[in-house]
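To keep things clear, I will list the structure first and then write my remarks on it.
Just follow the structure's listing: the first ligand is 1, and inside any ligand the first atom is 1. Numbering of residues begins at 1 and proceeds along the displayed sequence. Scope of the values below: all heavy atoms of this structure, side chains included, with no hydrogens, waters or symmetry mates.
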Amino acid sequence: MSQVKRIGVLTGGGDCPGLNAVIRAVVKTAIKNYGMAVFGIEDGYEGLVFDRFVPLGYEQVHGILTKGGTMLGSSNRANPFKMTYLKNQEKVTEDLSQQACKNFNNHKLDALVVIGGDGTLKIGKDLQDKCGMKMVGVPKTIDNDLSATDVTFGFETAVITATEAIDKLHTTAESHHRVMLVEVMGRDAGWIALYSGISGGADAILIPEIPYYIDKLAAKIERREQYGMKFSIVVVAEGAKPVGGEMSVMKQCDQAWSLPRLGGAAQRVADEVEKLTGKETRVTVLGHIQRGGIPTPFDRNLASRFGVEAVNLLGKGEFGKMVCLRGRDIKSVRIEEAIGRQKLVDPKGEMVMAARALGIDFCSAPEA
Ligand code: F6P
């Protein structure tokens, strides 16, 4: 018999298609296989600190499998160790981790399922170390940049959204003889750009792992023009940067531990391309559209399997672990092994080589 009788579940960080499928799987497995009581914690760690717990049963998770976003709400600012909040109408930042632990104990929880990216999982592990708040992690991100799992749910849905956008932009590009740039998400990783660029038949892909030379992109566009191809499609990862340059940052965040908001990468490229080639160059920024929508069957499957396994780990008393996909199998790794290790595109890897073989330009130095 499992010692774990009452569990909490929270979603932290940016939302991602498939989060609801995980929540549903956690609730169903916990109730059906283990007779556990489940509590949802609203808005990530904010709800843990400010005591926003809601009981979850079959009824609450009915019909959420296909919905994007998270029924629990999320926050990518809330960190119990450095919580910024309004105290007597003044914005303060304080360590409220004791308060989070107190709430966990007051609700008599035995363990927590933490669904999130690198930052969210690290906070969960730190809380476990600080006050014995036992946890298991479920990785999520559309960026697909966590090294401990082969794939994260949400990634495929984002790639499909980006590919469909590229398909649609092709018609205007061809009709108006324009250069069309599509900016996709991914932060430090170029996975969304690479996958959607190949599946959408892009002419060039600019990713953070391969800094670009703008004159090489201009030359590519002009070469195409000489062959009679009067349009070009370029996929620009939001983290793309020129050789010797930096990523394009739209806004620094007010909290020291938050990442800067990226933006403007494609517009920067477009301005220079227009100057160098004289061709009309337009930008489409896909933004949060990539995080929304109905999760694909693959993402729903992966998310559901992750949710089931997370509860199985709790049932077996295997705390401090994160579920992951290895090949076709659901496995788990220790949280320490999972966090802080990004999975980035290998500039010399098979996918980049395949893209190059297809004539897709990365606008890099020949050796990159
Ligand atoms: O990590 C997922 C992601 O969508 C990144 O691709 C992107 O840079 C970031 O989150 C945007 O976060 P926010 O919605 O907080 O601006």
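Among Lys251, Arg77, Arg291, the residue whose heavy atom lies nearest to atom 11 (C) of ligand 1 is Arg291. Considering only non-hydrogen atoms, atom 8 (O) of ligand 1 lies nearest to Glu238 out of Met250, Glu238, Met185.
At the shortest separation from atom 6 (O) of ligand 1 among protein heavy atoms lies Asp143 OD1, 2.7 Å.
With hydrogens and angles left out, the side-chain atoms of Lys140 and Thr152 include no donor and acceptor closer than 3.5 Å.
Within the structure, ligand 1 lacks Gln290 among the residues with a heavy atom less than 4.0 angstrom away. Distances shorter than 4.0 angstrom occur between a heavy atom of Gly186 and an atom of ligand 1.
For Asp15 and Arg291, the salt-bridge test passes: some basic side-chain N is under 4.0 Å from an acidic carboxylate O. Remark: Arg187 does not engage Glu238 in a salt bridge, criterion side-chain N to carboxylate O under 4.0 Å. Look at Arg282 and Glu280 and you find a salt bridge, because one of the NZ, NE, NH1 or NH2 atoms lies within 4.0 Å of a carboxylate O, short of that distance.
Phe153 has its ring centre no less than 6.0 Å from the ring centre of Phe298.
Residue contact check: His288 has heavy atoms under 4.0 Å from atoms 13 (P), 14 (O), 16 (O) of ligand 1.
With a 4.0 Å heavy-atom cut-off, ligand 1 is reached by the side chain of Asn76 but not by its N, CA, C or O.
Among all heavy-atom pairs drawn from Val4 and Ser2, the shortest one is N-OG, 3.0 Å.
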